[in-house]
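So the structure is just underneath, and the comments pick up after that.
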Amino acid sequence: MKIATWNVNSIRARLPRVLAWLSKAQPDVACVQEIKVEDAAFPRAEIEAAGYTATIFGQKTYNGVAFFSKTAPTDVERGLHDDAPDSHKRLIAASFGGVRIVNVYVPNGESVTSEKFPFKLKWMERLRAYLDAKCDPSTPLLLCGDFNVAPEDRDVYDPEKLRGTVLFHPEEQARLASICGFGLKDAFRMHHPEAGQYTWWDYRGGAFHRGHGYRIDHLLASEPLARACRAVTIERDERKGPQPSDHVPVVGDFGL
DNA sequence: ATGGTTGCTTAGCAA
(Lines give C-alpha, C1' and ligand atoms only; values in the text may rest on other atoms or scores of the structure.)
Protein backbone atom coordinates (compact mmCIF):
# COMPACT_ATOMS: atom_id res chain seq x y z
CA MET A 1 0.00 0.00 0.00
CA LYS A 2 1.50 3.31 -1.13
CA ILE A 3 0.46 6.36 0.87
CA ALA A 4 1.70 9.82 -0.13
CA THR A 5 1.53 13.32 1.31
CA TRP A 6 1.83 16.41 -0.89
CA ASN A 7 1.09 20.09 -0.34
CA VAL A 8 -0.04 20.95 -3.88
CA ASN A 9 -0.47 24.73 -3.28
CA SER A 10 -3.80 25.04 -5.16
CA ILE A 11 -5.33 21.98 -6.81
CA ARG A 12 -6.61 24.06 -9.72
CA ALA A 13 -3.21 25.62 -10.49
CA ARG A 14 -1.50 22.23 -10.00
CA LEU A 15 -4.03 19.97 -11.75
CA PRO A 16 -1.89 19.02 -14.79
CA ARG A 17 1.04 18.11 -12.56
CA VAL A 18 -1.12 16.28 -10.03
CA LEU A 19 -2.76 14.19 -12.76
CA ALA A 20 0.61 13.35 -14.33
CA TRP A 21 2.02 12.43 -10.93
CA LEU A 22 -0.95 10.21 -9.97
CA SER A 23 -0.62 8.40 -13.28
CA LYS A 24 3.09 7.78 -12.76
CA ALA A 25 3.32 7.22 -8.99
CA GLN A 26 0.04 5.29 -8.60
CA PRO A 27 -0.38 5.86 -4.85
CA ASP A 28 -3.23 4.00 -3.19
CA VAL A 29 -3.92 7.10 -1.11
CA ALA A 30 -2.64 10.62 -1.78
CA CYS A 31 -3.09 13.03 1.14
CA VAL A 32 -3.01 16.57 -0.24
CA GLN A 33 -3.00 19.97 1.43
CA GLU A 34 -3.71 23.56 0.41
CA ILE A 35 -6.24 22.70 -2.27
CA LYS A 36 -7.45 26.33 -1.90
CA VAL A 37 -10.91 25.67 -3.26
CA GLU A 38 -14.36 25.05 -1.83
CA ASP A 39 -16.13 21.78 -2.50
CA ALA A 40 -18.40 23.11 -5.28
CA ALA A 41 -15.49 24.31 -7.46
CA PHE A 42 -13.24 21.29 -6.90
CA PRO A 43 -12.14 19.55 -10.16
CA ARG A 44 -13.77 16.26 -9.22
CA ALA A 45 -14.32 14.93 -12.74
CA GLU A 46 -10.61 15.17 -13.64
CA ILE A 47 -9.49 13.38 -10.47
CA GLU A 48 -12.08 10.65 -10.99
CA ALA A 49 -11.05 10.24 -14.63
CA ALA A 50 -7.54 9.46 -13.33
CA GLY A 51 -9.02 6.58 -11.33
CA TYR A 52 -9.26 8.26 -7.93
CA THR A 53 -12.03 9.05 -5.48
CA ALA A 54 -11.71 12.55 -4.04
CA THR A 55 -12.73 12.99 -0.39
CA ILE A 56 -12.32 16.64 0.36
CA PHE A 57 -12.58 19.29 3.06
CA GLY A 58 -12.40 22.42 0.98
CA GLN A 59 -12.16 26.12 1.73
CA LYS A 60 -12.26 29.12 -0.57
CA THR A 61 -8.87 30.79 -1.26
CA TYR A 62 -6.90 29.27 1.64
CA ASN A 63 -6.12 25.91 3.24
CA GLY A 64 -8.25 22.87 2.34
CA VAL A 65 -7.22 19.20 2.57
CA ALA A 66 -8.24 16.07 0.67
CA PHE A 67 -7.67 12.39 0.03
CA PHE A 68 -7.36 11.03 -3.50
CA SER A 69 -7.73 7.27 -3.18
CA LYS A 70 -8.21 4.24 -5.41
CA THR A 71 -10.99 2.97 -3.17
CA ALA A 72 -13.50 4.99 -1.18
CA PRO A 73 -12.64 5.48 2.50
CA THR A 74 -14.88 4.85 5.48
CA ASP A 75 -15.45 6.81 8.69
CA VAL A 76 -14.50 10.21 7.27
CA GLU A 77 -14.01 13.01 9.82
CA ARG A 78 -13.54 16.65 8.88
CA GLY A 79 -11.89 19.14 11.23
CA LEU A 80 -10.34 19.02 14.68
CA HIS A 81 -12.59 17.72 17.44
CA ASP A 82 -12.90 21.21 18.98
CA ASP A 83 -12.99 23.30 15.80
CA ALA A 84 -15.44 26.20 15.65
CA PRO A 85 -17.81 26.00 12.65
CA ASP A 86 -15.93 28.70 10.71
CA SER A 87 -12.44 27.33 11.40
CA HIS A 88 -9.71 26.87 8.82
CA LYS A 89 -10.10 23.59 6.92
CA ARG A 90 -6.88 21.91 8.01
CA LEU A 91 -7.62 18.30 8.99
CA ILE A 92 -9.38 15.35 7.37
CA ALA A 93 -9.27 11.78 8.63
CA ALA A 94 -10.53 8.52 7.16
CA SER A 95 -9.97 4.75 7.15
CA PHE A 96 -8.52 2.89 4.19
CA GLY A 97 -8.51 -0.88 4.47
CA GLY A 98 -7.70 -0.98 8.16
CA VAL A 99 -5.34 2.00 8.17
CA ARG A 100 -6.54 5.18 9.85
CA ILE A 101 -5.06 8.23 8.12
CA VAL A 102 -5.12 11.75 9.58
CA ASN A 103 -4.15 14.33 6.95
CA VAL A 104 -3.18 17.77 8.27
CA TYR A 105 -2.10 21.20 7.12
CA VAL A 106 -0.51 22.78 10.19
CA PRO A 107 -0.62 26.61 10.26
CA ASN A 108 2.51 28.23 8.82
CA GLY A 109 2.97 30.75 11.64
CA GLU A 110 4.36 33.48 9.33
CA SER A 111 7.13 34.59 11.74
CA VAL A 112 7.87 34.20 15.42
CA THR A 113 6.72 37.78 16.09
CA SER A 114 3.42 37.35 14.25
CA GLU A 115 0.15 36.72 16.08
CA LYS A 116 -0.08 33.69 13.78
CA PHE A 117 2.84 32.04 15.59
CA PRO A 118 1.03 31.39 18.92
CA PHE A 119 -1.98 30.30 16.84
CA LYS A 120 0.26 27.69 15.20
CA LEU A 121 1.57 26.44 18.55
CA LYS A 122 -1.95 26.22 19.97
CA TRP A 123 -3.19 24.37 16.86
CA MET A 124 -0.42 21.79 17.32
CA GLU A 125 -1.40 21.35 20.97
CA ARG A 126 -4.99 20.81 19.85
CA LEU A 127 -3.77 18.23 17.33
CA ARG A 128 -2.14 16.26 20.14
CA ALA A 129 -5.43 16.48 22.10
CA TYR A 130 -7.29 15.26 18.98
CA LEU A 131 -5.02 12.21 18.81
CA ASP A 132 -5.65 11.47 22.49
CA ALA A 133 -9.40 11.79 21.98
CA LYS A 134 -9.88 10.11 18.60
CA CYS A 135 -6.97 7.81 17.74
CA ASP A 136 -5.34 4.60 18.94
CA PRO A 137 -1.55 4.18 18.54
CA SER A 138 -1.82 0.40 19.03
CA THR A 139 -3.59 0.17 15.64
CA PRO A 140 -2.26 1.03 12.13
CA LEU A 141 -2.37 4.83 12.15
CA LEU A 142 -0.71 7.43 9.92
CA LEU A 143 -0.60 11.13 10.76
CA CYS A 144 0.73 12.89 7.70
CA GLY A 145 0.82 16.21 5.94
CA ASP A 146 2.51 19.61 5.90
CA PHE A 147 3.57 20.24 9.51
CA ASN A 148 5.44 23.46 8.73
CA VAL A 149 8.13 22.31 11.20
CA ALA A 150 11.60 20.92 10.48
CA PRO A 151 12.33 18.58 13.42
CA GLU A 152 16.13 18.62 13.63
CA ASP A 153 19.29 20.36 12.45
CA ARG A 154 19.73 17.84 9.62
CA ASP A 155 16.31 18.89 8.26
CA VAL A 156 17.27 22.44 7.18
CA TYR A 157 19.97 23.82 4.89
CA ASP A 158 21.59 26.11 7.49
CA PRO A 159 20.59 25.28 11.09
CA GLU A 160 22.79 27.94 12.70
CA LYS A 161 21.34 30.70 10.58
CA LEU A 162 17.76 29.49 10.81
CA ARG A 163 17.57 28.44 14.47
CA GLY A 164 14.74 30.23 16.22
CA THR A 165 13.01 31.33 13.02
CA VAL A 166 9.61 30.12 11.88
CA LEU A 167 9.55 26.47 10.69
CA PHE A 168 12.71 25.84 12.78
CA HIS A 169 11.90 27.13 16.24
CA PRO A 170 12.31 25.07 19.45
CA GLU A 171 8.72 25.77 20.52
CA GLU A 172 7.41 24.32 17.24
CA GLN A 173 9.79 21.37 17.53
CA ALA A 174 8.58 20.71 21.08
CA ARG A 175 4.93 20.59 19.89
CA LEU A 176 5.91 18.20 17.09
CA ALA A 177 7.79 16.01 19.57
CA SER A 178 4.69 15.97 21.79
CA ILE A 179 2.60 14.84 18.81
CA CYS A 180 5.09 12.04 18.11
CA GLY A 181 4.97 11.22 21.82
CA PHE A 182 1.45 9.92 21.24
CA GLY A 183 3.20 6.90 19.73
CA LEU A 184 4.22 7.91 16.21
CA LYS A 185 7.52 7.50 14.37
CA ASP A 186 8.95 9.66 11.58
CA ALA A 187 8.80 7.05 8.83
CA PHE A 188 11.29 8.82 6.55
CA ARG A 189 13.92 8.85 9.29
CA MET A 190 13.53 5.10 9.88
CA HIS A 191 15.09 4.59 6.44
CA HIS A 192 17.14 7.73 5.78
CA PRO A 193 19.38 9.21 8.51
CA GLU A 194 21.25 11.55 6.17
CA ALA A 195 21.03 15.36 6.20
CA GLY A 196 19.97 17.45 3.24
CA GLN A 197 16.70 15.68 2.45
CA TYR A 198 14.13 18.42 1.92
CA THR A 199 10.45 18.57 1.00
CA TRP A 200 9.93 22.34 0.62
CA TRP A 201 11.85 25.19 -1.00
CA ASP A 202 10.58 28.78 -1.01
CA TYR A 203 9.57 30.09 -4.42
CA ARG A 204 11.56 33.23 -3.67
CA GLY A 205 15.22 33.85 -4.19
CA GLY A 206 16.01 30.75 -6.20
CA ALA A 207 15.85 28.62 -3.05
CA PHE A 208 15.58 25.30 -4.89
CA HIS A 209 18.54 26.05 -7.14
CA ARG A 210 20.58 27.16 -4.11
CA GLY A 211 19.67 24.10 -2.07
CA HIS A 212 17.84 26.19 0.52
CA GLY A 213 15.32 23.54 1.60
CA TYR A 214 13.48 22.35 4.67
CA ARG A 215 12.03 18.92 5.53
CA ILE A 216 8.60 19.91 6.84
CA ASP A 217 6.27 17.31 5.25
CA HIS A 218 6.08 14.13 7.29
CA LEU A 219 4.64 10.63 7.51
CA LEU A 220 4.24 9.78 11.22
CA ALA A 221 3.35 6.13 11.75
CA SER A 222 2.12 4.21 14.78
CA GLU A 223 4.21 1.21 15.80
CA PRO A 224 2.07 -1.39 13.98
CA LEU A 225 2.20 0.66 10.77
CA ALA A 226 5.88 1.57 11.18
CA ARG A 227 6.72 -2.14 11.34
CA ALA A 228 5.06 -2.57 7.94
CA CYS A 229 6.90 0.36 6.34
CA ARG A 230 9.21 -0.88 3.57
CA ALA A 231 10.40 2.45 2.14
CA VAL A 232 9.86 6.21 2.16
CA THR A 233 10.78 8.39 -0.82
CA ILE A 234 10.96 12.17 -1.20
CA GLU A 235 10.13 12.86 -4.85
CA ARG A 236 12.49 15.79 -5.31
CA ASP A 237 12.11 15.85 -9.09
CA GLU A 238 8.56 17.17 -8.63
CA ARG A 239 10.08 20.54 -7.71
CA LYS A 240 11.55 20.76 -11.25
CA GLY A 241 9.90 21.76 -14.50
CA PRO A 242 7.00 24.12 -15.22
CA GLN A 243 4.64 25.35 -12.50
CA PRO A 244 5.77 23.14 -9.61
CA SER A 245 4.31 23.30 -6.13
CA ASP A 246 6.81 24.64 -3.61
CA HIS A 247 6.48 21.24 -1.84
CA VAL A 248 7.22 17.77 -3.23
CA PRO A 249 5.45 14.46 -2.52
CA VAL A 250 6.66 12.11 0.22
CA VAL A 251 5.63 8.53 -0.49
CA GLY A 252 5.54 5.64 1.96
CA ASP A 253 5.37 2.00 0.88
CA PHE A 254 3.70 -0.24 3.45
CA GLY A 255 3.50 -4.04 3.36
CA LEU A 256 -0.20 -4.25 4.04
C1' DA B 1 19.49 44.78 2.58
C1' DT B 2 12.45 43.12 5.87
C1' DG B 3 14.11 41.74 -0.18
C1' DG B 4 12.20 37.64 -3.39
C1' DT B 5 7.84 34.47 -6.07
C1' DT B 6 3.45 32.22 -6.61
C1' DG B 7 -1.71 31.85 -6.12
C1' DC B 8 -6.17 33.78 -5.28
C1' DT B 9 -8.43 37.59 -6.41
C1' DT B 10 -8.13 41.65 -8.66
C1' DA B 11 -4.50 45.26 -4.25
C1' DG B 12 -3.50 42.91 -0.85
C1' DC B 13 -3.02 38.82 1.79
C1' DA B 14 -0.95 34.30 2.63
C1' DA B 15 2.73 31.36 2.20
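In this text, all values refer to a predicted model and were calculated from it rather than measured experimentally.
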>> Please report the distance, rounded to the nearest Å, between CG in A/Asp246 and P in B/dG4.
In response: 18 Å
>> A/Tyr214 and ring-ring contact (aromatic ring centres under 6.0 Å, His included): which single residue from A/Trp201, A/Phe147, A/Trp200 fits?
In response: A/Trp200
>> By the side chain to side chain donor-acceptor pair (under 3.5 Å) test, which pairs, at least two apart or in different chains, include something from residues 38-58 of chain A?
In response: none
> To the nearest angstrom, how far is A/Gln59 atom CD from B/dC13 atom C1'?
Replying inline: 13 Å
> B/dA14 and B/dA1: how far apart are their P atoms, nearest whole angstrom?
Replying inline: 27 Å
> Looking only at atom C1', what distance separates B/dT9 and B/dA15, rounded to whole Å?
Replying inline: 15 Å
>> Quick check: do A/Leu91 and A/Phe57 have side-chain heavy atoms less than 4.5 Å from each other?
In response: no
>> Rounded to whole Å, how long is the line connecting atom NE2 of A/His247 with atom C1' of B/dT5?
In response: 14 Å
>> Go through it in stages, so that I can follow the logic: the residues are A/Ile234 and A/Arg215, the test is side chain to side chain contact (heavy atoms under 4.5 Å, CB included), and I'd like the CA-CA distance, side-chain angles, deciding distance and then a yes or no.
In response: CA-CA 10 Å; A/Ile234 294 174; A/Arg215 193 177 70 90; 4.3 Å; yes
> Among pairs that include at least one residue of residues 239-248 of chain A, which meet salt bridge (Lys or Arg N to Asp or Glu O under 4.0 Å), considering only residues two or more places apart or in two chains?
Replying inline: A/Asp237-A/Lys240
> Between A/Asp146 and A/Gln243, who's closer to the 5' end of DNA chain B by nearest nucleotide?
Replying inline: A/Gln243
> Taking atom C1' of B/dG4 as reference, at what distance in whole Å does atom CZ of A/Arg204 sit?
Replying inline: 6 Å
> Can you list, by residue number, the residues of residues 103-117 of chain A that have a non-hydrogen atom closer than 4.0 angstrom to DNA chain B?
Replying inline: A/Tyr105, A/Asn108, A/Lys116
>> Which residues pass the side-chain contact (heavy atoms from CB on, under 4.5 Å) test with A/Ser87, not counting sequence neighbours?
In response: A/Asp83, A/Ala84
>> Without decimals, in angstroms, what is the distance between A/Arg90 CZ and B/dA14 C1'?
In response: 10 Å
> Are OP1 or OP2 of B/dT6 and a side-chain N or O of A/Arg14 less than 4.0 angstrom apart?
Replying inline: no
>> How many whole angstroms separate atom CG of A/Asp202 from atom C1' of B/dG3?
In response: 11 Å
> Does anything in residues 5-21 of chain A pair up under salt bridge (Lys or Arg N to Asp or Glu O under 4.0 Å), and if so which pairs, sequence neighbours excluded?
Replying inline: A/Arg17-A/Glu238
> Whole-Å distance between B/dA14 P and A/Phe119 CZ?
Replying inline: 12 Å
> How long is the line joining CH2 of A/Trp123 and P of B/dA15, in whole Å?
Replying inline: 13 Å
Tabulate atom names and distances for all N/O pairs under 3.5 angstrom spanning the protein and nucleotides 8-12 of chain B.
from	atom 1	to	atom 2	distance (Å)
B/dC8	OP1	A/Ser10	OG	2.2
B/dT9	OP1	A/Lys60	NZ	3.4
B/dT9	OP1	A/Thr61	OG1	2.8

> Is it the case that A/Gln33 and A/Asn103 place a side-chain donor and acceptor less than 3.5 Å from each other?
Replying inline: yes
> When the P atoms of B/dT2 and B/dA11 are considered, how many whole Å apart are they?
Replying inline: 26 Å
> Would you find a donor on one side and an acceptor on the other, under 3.5 Å apart, between the side chain of A/Asp28 and the backbone of A/Lys2?
Replying inline: yes
